Q: 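Take a look at this one; I'll ask things after.
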Amino acid sequence: MLTIKNLHAEVEGKKILKGLNFSAKPGQVHAIMGPNGSGKSTFATVLAGKEDYEVTDGSVVYKDTNLLELSPHERAHLGLFLAFQYPVAIPGLSNINFLKTAVNTIRKHQGKDPVDAYDFLAQAKALAMRVGLGESFLSRGLNDEFSGGEKKRNEIMQMLMLNPSLCILDETDSGLDIDALKTVAAGVNAHRSPDHIIVVVTHYQRLLDYIVPDFVHVLIDGAIVKTGDAQLAKELEKKGYQWLMESAGGGA
Amino acid sequence: MINLEWPDKKEEYWRSSKVWPLLETVSWQQPSDTSYLSINHKNDKLLMDHPVSDFDLSQCADPFLHAIGHVSSRQSYLLGSGHWDAIYSPEHSQISWHEFTVQSGQVVNFSHTVKSQSANWQINVMVFHVEEGASLTVESMINSPDFKGVNIWIINQSKHSNFSYHRQHLDFTYQRDHVWVNQNGERANTSLKGVYASHGKQISEQLWTVTHHASHGTSSQNLRGVLADKAHAVAISQVNVIPGIAKIDSQQKLDHILLSSKATVHTRPQLEILSDDVVCQHGITVGALDEEALFYLQSRAIDPGLATNLLLKGFFEQIWQQELSPLLCEKLDLVLSEQKVEEINE
Ligand SMILES: Nc1ncnc2c1ncn2[C@@H]1O[C@H](COP(=O)(O)OP(=O)(O)OP(=O)(O)O)[C@@H](O)[C@H]1O
Ligand SMILES: [Mg+2]
């Protein structure tokens, strides 16, 4: 169970999240939509725990733990995973070495032995195939010179590898061709389970044809102003955000 | 022919250097035997070659070359194909000079390690003549906490020859590494690479120069360093292309990461290109650890210490392009653990 109450956050003195409320139960898929600059990535980044994002008010509780007190790697150990809108490239660090380090760190935390190198490689190759990345991507530098779509596929591959219980996918569908979109959606759907919470941030109702959400939320000016079911996304596709912005503005 | 031009105007930095007045107080010896340098090869002996002509460096503006002065007693050897291991362990403040010839078509791997218990100043000059079509790889390493001194490498390349230099400095007090490469013949290739992590009050100075005296040559210079505490480094890479030489492809890249606000680096690429038909790429960076990259790794459950370690190893591996030596990894671990202690104390 994830419960977020009255979350306020700022970056470099700029107030971005202004009283955000959100909750999700295991087994659910939530979609968050909203205009550019409304604070969707900020919300995702605050959950992941980036240092320069200052939480000034509110609470975030996941699995009965105050998430805000944990550092980013501790949040990951608790099961949180953020698929970045703009994944960084680390040229000298090979993708496979990175993945193995992450997997073994998590295993160590769970009191398990490190993975068998041979099994791990086989699993990594299979997952790479599944998200449409060739084996050669494993030995390349992490996201190094990957195309936009390849980086997004790589994020999904990491999600499947690390098997997190709380996934936030920040515009993982942006910049994908239609085949890639289907591949990514298939990856996410495979990860759907009664134990997992999945939050997808997207601009496009198209993604929600493939990943059908239980709830759709609209985030405007740092707060969730409307919540509905999958039907709401279709309505937004037709009407845009203006009508909601007016009522949000009126309420403020 | 050995060409050791290091124009005076570029020596301003050295005149203000804290190190060079110290040198004037050193009484230099020219060693009477060669036991301080052991050179081994599995199934080959070093052959003494004929002596080569004398040098007078007393007119050089560079304080170290000036200190070498007139050199007459030198050792000269022929190197056959294969792997050579040289251990340099001097005791006195000495100036030593060795010359090696890699004969035409031979492929030589020459590994040179400074392992000295002595805190006396050292100047060690190694000259290599790489003949037509020969390939020389020099693996150079310093691993002596008390070492204070200068290694000077002078490489003369004939046509179609290859020279690769792989440099790691691990432990030292003060180290200066001069590399002068002269491409005297056409279609020669030169690759200089260096990686290091330094801490405490270590001073490290890297001065590399490649001079293209012939056409169709390629050269690359890549140096990456990580500095913690109050470590100081100088990294200057120079490319000279003499007039009338064409089709030169050269590349210089000097990158440093500073882990502490008290660490300093003085770095720049220098070019003297007196010809048109030349492609020269150069770049330098000095910065802190990439916060975005650190956050990305942490978001994948990797703790900050390990994340930093991975990033720095990746930083090295990107140019090193082979597995980092266990000694270098150990040094990096040490630097990072001490850095953490410093942060806590601040
Ligand atoms: N580091 C920062 N410094 C200053 N302002 C920032 C910073 N990061 C985000 N912002 C600002 O915060 C606001 C919200 O940004 P955010 O990236 O969260 O929007 P978003 O909803 O994800 O937009 P998009 O749909 O374009 O991805 C924007 O106005 C942005 O300019
Ligand atoms: Mg965004």
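Lettering of chains follows the sequences in order, A, B, ..., and the numbering in each one begins at 1. This structure is a prediction, so every number in the text was calculated from the model and none was measured.
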Q: Check the surroundings of atom CZ in A/Arg130: do more than 12 heavy atoms from other residues, nucleotides or ligands lie under 6.0 Å from it?
A: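 It does not: A/Arg130 CZ has 12 such atoms or fewer within range.
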
Q: Need one label for A/Gln158: side chain, backbone, both or neither, based on atoms under 4.5 Å from any heavy atom in chain B.
A: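 Only the side chain of A/Gln158 comes within 4.5 Å of chain B.
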
Q: Please state whether the side chain, the backbone, both or neither of A/Ser71 comes within less than 4.5 Å of a heavy atom of chain B.
A: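 When you check distances to chain B, no heavy atom of A/Ser71 falls under 4.5 Å.
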
Q: Which distance, rounded to the nearest 0.5 Å, do you find between the OG of B/Ser299 and the CG of A/Leu162?
A: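 The OG atom of B/Ser299 sits 9.0 Å away from the CG atom of A/Leu162.
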
Q: So how far is it from B/Glu317 CD to A/Asn97 CG, rounded to the nearest 0.5 Å?
A: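 It is 7.5 Å, given to the nearest 0.5 Å.
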
Q: Go through the atoms of A/Leu99 and report whether side chain, backbone, both or neither lie under 4.5 Å from a heavy atom of chain B.
A: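 When you check distances to chain B, no heavy atom of A/Leu99 falls under 4.5 Å.
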
Q: Atom NZ of A/Lys50 and atom CG of B/Leu294: how far apart are they, to the nearest 0.5 Å?
A: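 The NZ atom of A/Lys50 sits 10.0 Å away from the CG atom of B/Leu294.
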
Q: In terms of the angle between their ring planes, are B/Tyr296 and A/Phe84 parallel, tilted or perpendicular, with boundaries placed at 30° and 60°?
A: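 It falls in the tilted class, 30° to 60°.
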
Q: Tell me, yes or no, whether the heavy-atom count around A/Asn66 atom CG, taken from other residues, nucleotides or ligands under 6.0 Å, exceeds 12.
A: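 Enclosed: over 12 neighbouring heavy atoms sit under 6.0 Å from CG of A/Asn66.
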
Q: How about B/Lys253: does its NZ atom have over 12 heavy atoms from other parts shown lying under 6.0 Å from it?
A: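 More than 12 heavy atoms, drawn from other residues, nucleotides or ligands, come within 6.0 Å of this atom.
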
Q: In terms of heavy-atom pairs under 4.5 Å, which option from B/Glu291, B/Arg300, B/Glu292 contacts chain A the most?
A: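 The option with the most such pairs is B/Arg300.
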
Q: What are the two closest heavy atoms between A/Thr105 and B/Ala301, and how far apart are they?
A: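 So the minimum-distance heavy-atom pair works out to CG2-O, 3.1 Å.
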
Q: Does A/Lys108, at its NZ atom, have more than 12 non-hydrogen atoms belonging to other residues, nucleotides or ligands within less than 6.0 Å?
A: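 Open.
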
Q: Around B/Gln322, counting heavy atoms of other residues, nucleotides and ligands shown, do more than 12 lie under 6.0 Å from its CD?
A: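 Count over threshold, so yes.
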
Q: Can you confirm whether A/His73 sits close enough to B/Ile302 that some side-chain heavy atom of one is under 4.5 Å from a side-chain heavy atom of the other?
A: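 Side chain of A/His73 against side chain of B/Ile302, heavy atoms only: no contact under 4.5 Å found.
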
Q: Could you give the distance from OG1 (A/Thr101) to CG (B/Asn309), rounded to the nearest 0.5 Å?
A: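 If we round to the nearest 0.5 Å, A/Thr101:OG1 and B/Asn309:CG are 10.0 Å apart.
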
Q: Is A/Gln110 atom CD crowded by more than 12 heavy atoms from other residues, nucleotides or ligands, each under 6.0 Å away?
A: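 Atom CD in A/Gln110 is crowded, with more than 12 foreign heavy atoms closer than 6.0 Å.
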
Q: Relative to chain A, which of B/Leu306, B/Leu311, B/Leu297 shows the most heavy atom pairs under 4.5 Å?
A: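 Top option by heavy-atom pairs under 4.5 Å: B/Leu297.
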
Q: Report, as yes or no, whether the 6.0 Å neighbourhood of atom CE on A/Met129 holds more than 12 heavy atoms from other residues, nucleotides or ligands.
A: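 12 or below, so no.
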
Q: With a 4.5 Å cut-off on side-chain heavy atoms, are A/Val88 and B/Phe295 touching?
A: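 Side-chain contact under 4.5 Å: no.
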
Q: Sort A/Pro164 into side chain, backbone, both or neither according to what part of it lies under 4.5 angstrom from a heavy atom of chain B.
A: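 Neither; nothing under 4.5 Å.
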
